[in-house]
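Quick notes on the structure that follows.
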Amino acid sequence: MTALFITLFLPLVGSLLLLFFKKENTKAIKNTALGISIATFVVSLFLFFGFDSNNPGFQYVFEAKWITAFDAGFRIGIDGMSMLLVMLTTFITPIAIFASFNSITKREKEYYIMVMLLQFAMTGVFMALDLFLFYIFWEIILIPMYFIIGIWGGKDRLYATVKFFLFTVVGSLFMLVAIVWLGMYAGETLLKLPSGFTTNYLLIKEVAQNIPVDIQEWLFLAFALSFLIKVPLFPLHTWLPDAHTEAPTPGSVILAGVLLKMGTYGLIRFNLELFPQASFEYASLISVLAVVGIIYGALVAMVQTDIKRLVAYSSVSHLGFVVLGIFSMTAEGIQGAIIQMVNHGLSTGMLFLCVGFLYERRHTRDIAEYGGIARVMPVFTVFFAIAMFASVGLPGLNGFVGEFLTLVGAFKSPFLNSHWYSIVAASGVIFAAVYLLWMFQRVMYGTNDNPKNHNLTDMTKSEWAMLVPMVIFIVWIGVYPKSFLNISENSSRALVNKLEMIKFGKPTYQLPEMKQKTMENIPNSQNNIKK
Amino acid sequence: MYELIKFIPLFPLLGFLINGIFGKKIKSESAIGGIASAMVGISFILSFLLFWDLLSNPIEKPVIVSFFTWIATGQINIEIAYQVDQLSVLFALIITGIGFLIHIYSIGYMHGDRSFYRFFSYLNLFIFMMLNLVLASNYLLTFLGWEGVGLASYLLIGFWYDQKFEGTRITWTGDAGMKAFVVNRIGDFGFIVAMLLIYVTFNTLNYQEVANAAASQYGTLMNSGIITAITLMMFLGTTGKSAQLPLSVWLPDAMAGPTPVSALIHAATMVTAGIFLIARNSVLFSLSETSMLTVAIVGAVTAILAASVGLVQNDIKKVLAYSTVSQLGFMFVALGVGAFYIGVFHVMTHAFFKGLLFLAAGSVIHGMHHEQNIKKMGGLKHYMPTTYKTFFVGTLAIAGIPFFSGFFSKDEILWYAFSSPHGGILLWLTLAVSAMFTAFYMFRLLYLTFDGKERFDHHHVHPHESPKTMTFALVVLAILSALGGFVNIPHALTPWVHSNPPFMEFLSPVFAQANFILGEHSHEIKPEMYILMLLATAVAISMMFLAKKWYLDPSWKKPRQLAKEHGFSYRLLLNKYKLDEFYFFTIIDPIIALSRSGLWKFFDIGIIDGIINGSAKATSVVAENLRKMQTGIVQNYALIMMVGIIAVISIMIFGF
C-alpha cells in the first residue's frame, strides 16, 4: 500500500519540487526529474514483486473519504491488468525524460514539471477505483499534454494541439454525463445508499449488470466514445497523426507508450466490466471498426512521406488488434490485448525514439532526405531494425505474442461468433511488413548520397542507455511472455467468467479461491452495504 | 540420448550472439569464420549422433523433448519443445551438414569483406531458425523458425545494402530482400489462418496430437471442408517459402545476396521448408483430395514454367534460381501424388546438387571478378579445373543422368506422377517436359560457362581457381551428388532385393498414418517402369548432345536463329512471363494509389478532418455573426427588449 502511494504521488511531489528550482539551473532540474522518475520505477518494482497473481481481484486497495455528499472517495488499487500498465508507465517515463535532455532546449523547468505531472495523472488513471477520481485524472492529463505539444512541438503544433484537445474533450464530456447518471442510478436505485449517489467503482461493478439494457447501451456508448477517441479507433483517429507528428520526441513516446493505453484500459475496466449486456450488443460493430482500422492504418502508413507520421498511423493499426482482442471477450483475446498494450508501448516508443535520434541529427522527418544511413550509423541500424521487427510482429519478439493471442481470441470467440474478424485482421501482417520495411529500405539502405548525411554520428552513450532496456523487454516478452501474462491471467479470467455467466450461464475457468484479505481492505464499502 | 536435440539449435544461437555482439572486436577473419563454422559443426555431430541412434533403434512414435512454456494463457498452451523423429532429424542433418560446408566455403568467399562478422552472425542465425523450424513439435514454434529464416533471408539478400541490383522496380539489393520478405508474408498469412483453424478444430497446436486426432477420425474428416480449408491455407504458406506460383516471384531476385547465401538458403534448405511442412502434415493433406490435387497441379505448372524461363536466361545465378523453383515444383508433385518420402528424398538430393551448383557458380563469380553473365565467360575449364569438374558432376546429377543422385529421385517422382491414383499421364508429361528443359538449360549453362571460346576481356579479367576453403565444399558436395542417390535405389533396378530401400525404410514410421489413409502404393515391378526410365534417360542424354552442338558452335547460329524465328516466345521467356509487371499493374500499384489518394488524401484529410474542421468553422462563423448583436448601444438592446416583450404579450393574449 505504501508502495502504491509512493508510486502514485512521487511524480507529483517531484513536479512540485521542481517549482522551487531556479529556471537557469537546467542541469539540476533535469537530474532531479530523471532521478525521481527512476526512483518511482524502483518503487513500482516492489509493487510488481509483491503482487499476488493468484488473486484475480484488486490489491493494495486504499480508500479515503473525500466528498461525502455524493460518496466520491479517494479509492485506489490495482489488479493484474492495471499492474502491467502501471509498470509500463513507470518504465517508459524515465526513458522519455532521459530522451528530453537533448531534444528539449527551451523552458526546461516548465517542461519537466509538466512531464512529472503527466506521469502522476497517468498512474492515477490506472489506479483509480472511483469514477470521479478516474475522471479527474483523465482530465488532468489533457493539461500537460496540451502544453507539451503546444509549446515544445513542431511547426504545426498549434493546429495539432487544438485538434487533440477538442477531440478528447468532446469524448470526455459524454463520459462525465454517463458517470453522473451511473452514480445516481447505482446509488439510488440499485444500492439504495443514504447518500443516493456513489462513484465507488468496486460497489458499482457488482451491481451494474442489473441496469436495464437500453440504458446500459447509452452509458456504454458515452464511455466508449471517450475511450475509442483516445485509442484511437477508426474513424476517430485523425487527431493522432497530427499530435504524434508535432509532439516533441519524448511527447510522442509517452503519447504512444502510455496515453493511448488509457483508452483500451478504460474499455476493459469500464465498458466490459460495467455494461456487459451492452458490450455483447456492440462487440461486432466495434470489432469491425477495429479490423478496418488495422488494414486502414497500415495502408495509410504505407504512403506517408514523413517518418513520424508513418509510425503514428502504424499505431492505428496496432491498436486495432488491441480493441479486437478486448471485444473478443475471451481470456486469450483480453490477455493478448493487455500484452499488446505493453508491446506497443515498447516497440512504438522505441521507433519514436529512433526517429527522434535521426531528427536531432538532421532536423527533418522527410523520408526522401535520407538513404544509406546504415553505412554511417551501423549500431543505430541494429536497434532501429529490432524496433521495426518487433513492430512487424516477428515471432521471438514481443509484438507477435500479442497479435497472435488477439487473433486466437477473436477467432474462437463465442461472442463475435465469426472467423472473419481474425482472418481479415491477419492480413494486416502483410501490410505491416510493407510499410515498415519500405521505410527502412529508403532510410537506412542504398547509398548515402545526400551530403548532409555524410557525417552523421552513430549512437551516443545516452542513446544506448535509452534503447537497451527497451530491447531487453522486447526480447523478454517475445521469448518468455509468461512472466507478464501470469500477472493479469486471473484478472482476465475473472472478467471472462463474469461475461460468460451473464451470456451463457456457465463460466469456462476455475479460479483460485478469492482471498478474504481483499474484502477486509474495503471496510467502508461493506459498511455501506450493511446500512 | 534424445535430450541431445535441445543442444542442436543452441550452438548456432551462441555463434550468432558471439559474432553479432563481439564480432567487430574480434577482427580476425579466421576466428570469426572458425567460431561460426564450429558451432554448426557441433550441431552436425549432434544431429548425426541422433540420426545414428534412430537408424539403429527405429522409433515408431516421435519423442517430445520440451524446454519451457512459451505462450500460455486462457486455454492455449504452447511449449518450446522439440520433436525427435526420423523426419526432423533427417532435415537437421541436411541443414547442419550442408550448412557446415557452406560456412567453410564462405570463409574463402567473403574474405576481405568489410562486414565479415555480420555475415557469419546472420548465417548462424539462419541455421538456428531453420533448426527450430524443422525440430519444432508444434506449429507455432515452426512458425517462429519460419519467420526467423525469412528474417535471415531478408538480412542476407540485402547484405550488400548499398549495391545496385537489377530487377522489376528493384534498384538496390535491399529492395530484393524486402520483396522476399513481403511476398513471404502473404504466405505467412495463410500459415496463420491455417493455425487458427487447426486450433479451433483440434484444440491443440502440437503436431503429434493433431495428426493422431485427424488419423483416428479419418472417416468423418475425409474430404471435409475444414480439412480442405486448413490444408489449402497451409499450402498458401508453403507457396511463399518454397517459391511456387503464384508467389514464386521473389526467389529469382533473392539472388541479389552473396552466392553462399543463395546456395544455403535459396537452394538447399530454406526453400524446402514448404516441403517439410507438407510432409510434417502428411496426415492432414492425405485427408483432402482437393488439396492433394492442388499441390500436384501447382507444383507441375511451376515446374514447367520455371524450367522454360531457365532456357534463355544469361545470368548464371538466375538460371540456377529458376531451376530451383522448377525442382521445388517436382517435390510438390511428389507430395501431391502421395509419395511423401520421395518428396523428402528429392529435397536431400537437390540439396546436394543444387548446393554444389550454386557454390561452383560462386566460385566462377569469385574467379571472374563478380561477372555473372555467361555470355561473357567461356573456356573457364582451363582456369578453374576443380570448379569445372564438380559443376559437371552437379549438372549430370540434376539432369538425371544415371546413376547420379538426381536420377534416382527425379525418376521416382516421374513414376509416381504417372502411376499414383492421385497422378496421371498429364502430370507425368508436364514433368517429363520440365525434366527435358532442365537437362537442356543445365548443359547450356555448363558449355557456355566452361567450354568453347573465351569471351571475357583478358585485360581486365584474370580467371583463377578458388582457394582450398571453397573447393573443399565443392568436392564433398560433388561426391554426395554423385553417390547420394544410392540410399534409395528403386525396386525396378534391384529386383533381387526384397526389403525396402534404406531411405524409404528409415522414413516409413513418419508417413505410416498418411500411407494408411491413402492406401499403400503397390511395390510390384511393372514393365512401364523400365520404359519410362529409359525414355527419361534418353531424353536427358540427347539434350546434352543438343546443347553441346548448339553452344559449342562459336556463332551460336541455331539458338540465335530460333530466337529470331520465335521472337514473341523468346521475349516472353526472357522477360519471365512478365509476372512481376503483372502484379505491379494489377495489385500493387492500385493499392498504393488507393491508399494515397483514396484513403489518406480523400477520406482522412478530406472527409474526417473536413467534418471536424468544418464544424469548428461553422461554430466560429455562427459565433462571429451572433457577436454582431452585442453592439454595446443601449438603444438597440432596448429595441430588442421591446420587440421581445410585445411578442411574449401577444402570444399570451392571442395564444397559438
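The model shown is predicted, which means the values in this text are computed figures rather than measured ones. Just so we're on the same page: letters track the sequence lines, and every chain starts at 1.
Most heavy-atom pairs under 4.5 Å with chain A, from the set B/V182, B/V193, B/D188, B/D162: that is B/D162. Listed options A/P481, A/A331, A/S488, A/G372 were ranked by heavy-atom pairs under 4.5 angstrom with chain B; first place goes to A/P481. Interface check for chain B: of the options A/Q335, A/R493, A/R375, the most heavy-atom pairs under 4.5 Å are formed by A/R375. Of all the listed residues (B/D175, B/I605, B/L155, B/T173), the one sharing the greatest number of non-hydrogen pairs under 4.5 Å with chain A is B/D175. Between chain B and the residues A/W239, A/Y313, A/F431, the most heavy-atom pairs under 4.5 angstrom are made by A/Y313. Here A/A374 is the residue among A/P241, A/S422, A/A374 with the most heavy-atom pairs under 4.5 Å with chain B. When A/L236, A/V479, A/V434, A/I334 are compared by the number of non-hydrogen pairs under 4.5 Å with chain B, A/V479 comes out ahead. Across B/I192, B/I80, B/L196, B/I591, the residue that shares the most heavy-atom pairs under 4.5 angstrom with chain A is B/L196. For chain A, the option among B/L141, B/L140, B/T171 with the highest count of heavy-atom pairs below 4.5 Å is B/L140.
Counting heavy atoms from C-beta on, the side chains of A/V429 and B/F191 never come closer than 4.5 Å. The shortest side-chain heavy-atom distance between A/L407 and B/Y199 does not fall under the 4.5 Å cut-off. Between B/D604 and A/H237, the closest side-chain pair of non-hydrogen atoms falls below 4.5 Å. Put simply, the side chain of B/F143 reaches to within 4.5 Å of the side chain of A/F400, judged on heavy atoms. The closest side-chain heavy-atom distance from A/T447 to B/W172 is below 4.5 Å.
Between A/F234 and B/F603, the two ring planes are parallel [angle under 30°; tilted spans 30° to 60°].
With a 4.5 Å cut-off on non-hydrogen atoms, B/K24 touches chain A through its side chain but not through its backbone. For B/I592, the parts lying under 4.5 angstrom from a heavy atom of chain A are both the backbone and the side chain. For A/V392, the parts lying under 4.5 angstrom from a heavy atom of chain B are both the backbone and the side chain. At a 4.5 Å heavy-atom cutoff, the contact between B/L205 and chain A is made by side-chain atoms alone. With a 4.5 angstrom heavy-atom cutoff, B/L599 touches chain A via backbone and side-chain atoms both. For a residue to count as touching a neighbouring chain, one of its non-hydrogen atoms must lie under 4.5 Å from one of that chain's; by this rule B/I607 does not touch chain A. In this structure, chain A has heavy atoms under 4.5 Å from both the backbone and the side chain of B/Q75. Heavy atoms of B/L197 lying under 4.5 Å from chain A belong to its backbone as well as its side chain. Of the two parts of A/S492, neither the backbone nor the side chain holds a non-hydrogen atom closer than 4.5 Å to a non-hydrogen atom of chain B. For A/L485, the part lying under 4.5 angstrom from a heavy atom of chain B is the side chain only. Only the side chain of B/R114 comes within less than 4.5 Å of a heavy atom of chain A; its backbone N, CA, C and O stay farther away. Proximity to chain A (any heavy atom under 4.5 Å) is restricted, for B/N613, to the side chain, taken from C-beta onward.
To the nearest 0.5 angstrom, A/I423 atom CD1 is 7.0 Å from B/M233 atom CE. Atom CZ of B/R185 and atom CD1 of A/I430 lie 9.0 Å apart (nearest 0.5 Å). Atoms CG and CG, on B/L144 and A/L397 in that order, are 9.0 Å from each other to the nearest 0.5 Å. Taking CD from A/E332 and CD1 from B/I71, the interatomic distance works out to 11.5 Å, rounded to the nearest 0.5 Å. A distance of 8.5 Å separates CZ of B/R596 from OG1 of A/T305, quoted to the nearest 0.5 Å. For the atom pair NZ (B/K179) and CG (A/L437), the distance works out to 14.5 Å, reported to the nearest 0.5 Å.
What you find for A/M302 and B/S595 is that their closest heavy atoms are CE-OG, 3.7 Å. When all heavy atoms of A/V303 and B/W600 are compared, the pair lying nearest together is O-CZ3, 4.0 Å.
Summarising the local packing, OH of A/Y159 is surrounded by more than 12 heavy atoms from other residues, nucleotides or ligands at distances under 6.0 Å.
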Could you walk me through whether A/M444 and B/Y161 pass the side chain to side chain contact (heavy atoms under 4.5 Å, CB included) test, one step at a time? CA-CA 9 Å; A/M444 307 308 290; B/Y161 53 81; over 6 Å; no

Test ring-ring contact (aromatic ring centres under 6.0 Å, His included) on B/Y154 and A/F389 and set out the steps. CA-CA 12 Å; B/Y154 165 80; A/F389 280 110; 5.7 Å; yes

Can A/F440 and B/F181 be said to form a ring-ring contact (aromatic ring centres under 6.0 Å, His included), step by step? CA-CA 13 Å; A/F440 194 80; B/F181 197 88; over 10 Å; no

Residues B/D609, A/K163; criterion side chain to side chain contact (heavy atoms under 4.5 Å, CB included); working and verdict: CA-CA 10 Å; B/D609 278 359; A/K163 202 170 172 184; 2.7 Å; yes

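Taking the centre of each ring, B/F68 and A/Y480 come in below the 6.0 Å mark.
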